[in-house]
Amino acid sequence: VLAARQAGIRTYADAEEAIRSGLPDFIFDTTGDEGLDAKIRQVLRGTETRLITPATSRMMVRVLEENSTRVREDVSQVVGTIKHELADSLEGSRNLVSRISSIMSSMQMLALNASIEAAKAGVHGRGFAVVADHMGKSVETVRKLTQEIDGVNANIIQVSEQIDMVLEKLK
């Protein structure tokens, strides 16, 4: 009753007053008083309003509790699976970035050596210098892309932390 009042749902201590105020969809009788139960049923005869007795109320609460527990467990399981898959994807992404970074370092060293050799070759090394320059620019482009991937990975970590908070709330 208190929760209903806090939610802005009108409640009545007097059954006759509740009925006079307009027929609601349901009337919950929490008194367990058989005389009141009979009186309410008589007034409701022929209407669409349903009377929910204390026994039925207890049964409904029990069913709701069981269902909420099951839903909470199901959601926890699904969210846990998603978190595990995110962690696997993040680890794979980190491994790829690490391998790309290693290749970039080698390419950068090759580009630098190629530039040096092109300079030594003088006029005959101009074409080689252009290739070395493009190679250096490609390395820089790939470096920027790996930084973007790191940004995506940071977002994955943030989502994973949010998942942890959701899982904690579900417990």
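Any value given below was found using the heavy atoms of this structure, including those in side chains, with hydrogens, waters and symmetry copies removed.
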Undergrad: Answer with yes or no whether the hydrophobic clustering places V166 together with I156; edges join I, L, V, M, F, W, Y residues whose side-chain heavy atoms lie under 4.5 Å apart.
TA: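 Linked, V166 and I156 end up in one cluster.
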Undergrad: State plainly whether one hydrophobic cluster holds both V78 and V71, where clusters connect Ile, Leu, Val, Met, Phe, Trp and Tyr through side-chain heavy atoms under 4.5 angstrom apart.
TA: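 Yes, V78 and V71 fall within the same hydrophobic cluster.
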Undergrad: Any side-chain heavy-atom pair from V61 and L64 closer than 4.5 angstrom?
TA: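 Sidechains of L64 and V61: no contact.
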Undergrad: Rounded to the nearest 0.5 Å, what separates atom CE in M135 from atom CG in N113?
TA: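 Answer for the CE-CG pair, M135 versus N113, is 9.5 Å.
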Undergrad: Starting at CD of E85, measure out to OG of S160 and round the result to the nearest 0.5 Å.
TA: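 Reported value, rounded in 0.5 Å steps: 12.0 Å.
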Undergrad: If you round to the nearest 0.5 Å, how far is CG of L145 from CD1 of I100?
TA: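 CG of L145 is found 8.5 Å from CD1 of I100.
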Undergrad: Taking the side chain as every heavy atom from C-beta outward, state whether Q158 and N155 have any atom pair closer than 4.5 Å.
TA: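 With C-beta onward as the side chain, the pair touches.
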Undergrad: As a quick check of understanding, evaluate side chain to side chain contact (heavy atoms under 4.5 Å, CB included) for R126 and V130, giving each step before the final call.
TA: CA-CA 6 Å; R126 283 187 192 159; V130 170; 5.8 Å; no
Undergrad: Should the heavy atoms of other residues, nucleotides or ligands under 6.0 Å from CZ of R72 be counted, would the total exceed 12?
TA: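 Enclosed.
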Undergrad: Between S138 (side chain only) and H134 (backbone N and O only), is there a donor and an acceptor less than 3.5 Å apart?
TA: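 Flag set: sc S138 to bb H134 pair under 3.5 Å.
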Undergrad: Tell me whether the count of non-hydrogen atoms from other residues, nucleotides or ligands lying under 6.0 Å of CD in Q77 goes above 12.
TA: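 No.
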Undergrad: Does a side-chain heavy-atom distance below 4.5 Å link L86 with L90?
TA: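 Not in contact.
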Undergrad: Would you confirm whether S102, through its side chain, and S98, through its main-chain N or O, come within 3.5 Å as a donor-acceptor pair?
TA: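 Here the side-chain-to-backbone pair does not exist.
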Undergrad: Rounded to the nearest 0.5 Å, how far apart are CE of M59 and CD1 of I52?
TA: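 If I round to the nearest 0.5 Å, the distance is 9.0 Å.
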Undergrad: Are V97 and V152 joined in one hydrophobic group, where the rule is that I, L, V, M, F, W and Y side chains link up if heavy atoms are under 4.5 Å apart?
TA: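 No, no single cluster joins them.
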Undergrad: Closest heavy-atom contact between M104 and R143?
TA: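 Looking at all heavy atoms of both residues, the shortest contact is SD-N, 3.3 Å.
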Undergrad: For a quick test of reading the model, state the closest non-hydrogen atom pair linking A111 to G136 and the distance between them.
TA: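 The pair with the smallest heavy-atom distance is CB-N, 3.9 Å.
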Undergrad: Stepwise, does the side chain to side chain contact (heavy atoms under 4.5 Å, CB included) test hold for K120 with E117?
TA: CA-CA 5 Å; K120 285 182 187 178; E117 292 302 318; 3.5 Å; yes
Undergrad: Salt bridge or not for E140 and K137, using N-O below 4.0 Å?
TA: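 No, this pair does not count.
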Undergrad: Is there a chain of hydrophobic side chains (I, L, V, M, F, W, Y, each step under 4.5 Å between heavy atoms) that links V159 to V75?
TA: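 V159 clusters together with V75.
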Undergrad: Starting from I103, can I reach L110 by hopping between I/L/V/M/F/W/Y residues whose side chains sit under 4.5 Å apart?
TA: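 Per the 4.5 Å side-chain linkage, L110 and I103 are co-clustered.
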Undergrad: Of all the heavy-atom pairs spanning L167 and G80, show the shortest one and how long it is.
TA: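 For L167 and G80, the tightest heavy-atom pair comes out as CD2-N, 4.2 Å.
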Undergrad: For the OG atom of S76 and the NZ atom of K83, what is their distance to the nearest 0.5 Å?
TA: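 It comes to 13.0 Å.
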Undergrad: Report yes if some heavy atom in the side chain of N153 is under 4.5 Å from a heavy atom in the side chain of D150; otherwise report no.
TA: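 With C-beta onward as the side chain, the pair touches.
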Undergrad: Ignoring hydrogens and angles, tell me if any N or O in the side chain of T69 forms a donor-acceptor pair with the backbone of E65 under 3.5 Å.
TA: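 Yes, T69 side chain to E65 backbone: donor-acceptor pair under 3.5 Å.
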Undergrad: If we only count heavy atoms from C-beta on, is the L112 to Q108 side-chain gap below 4.5 Å?
TA: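 The answer is no, as the side chains (C-beta and beyond) never meet within the 4.5 Å cut-off.
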Undergrad: Let me confirm one number: the OG1-CD distance from T146 to E148, rounded to the nearest 0.5 Å.
TA: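 Nearest 0.5 Å value for the OG1-CD distance: 9.0 Å.
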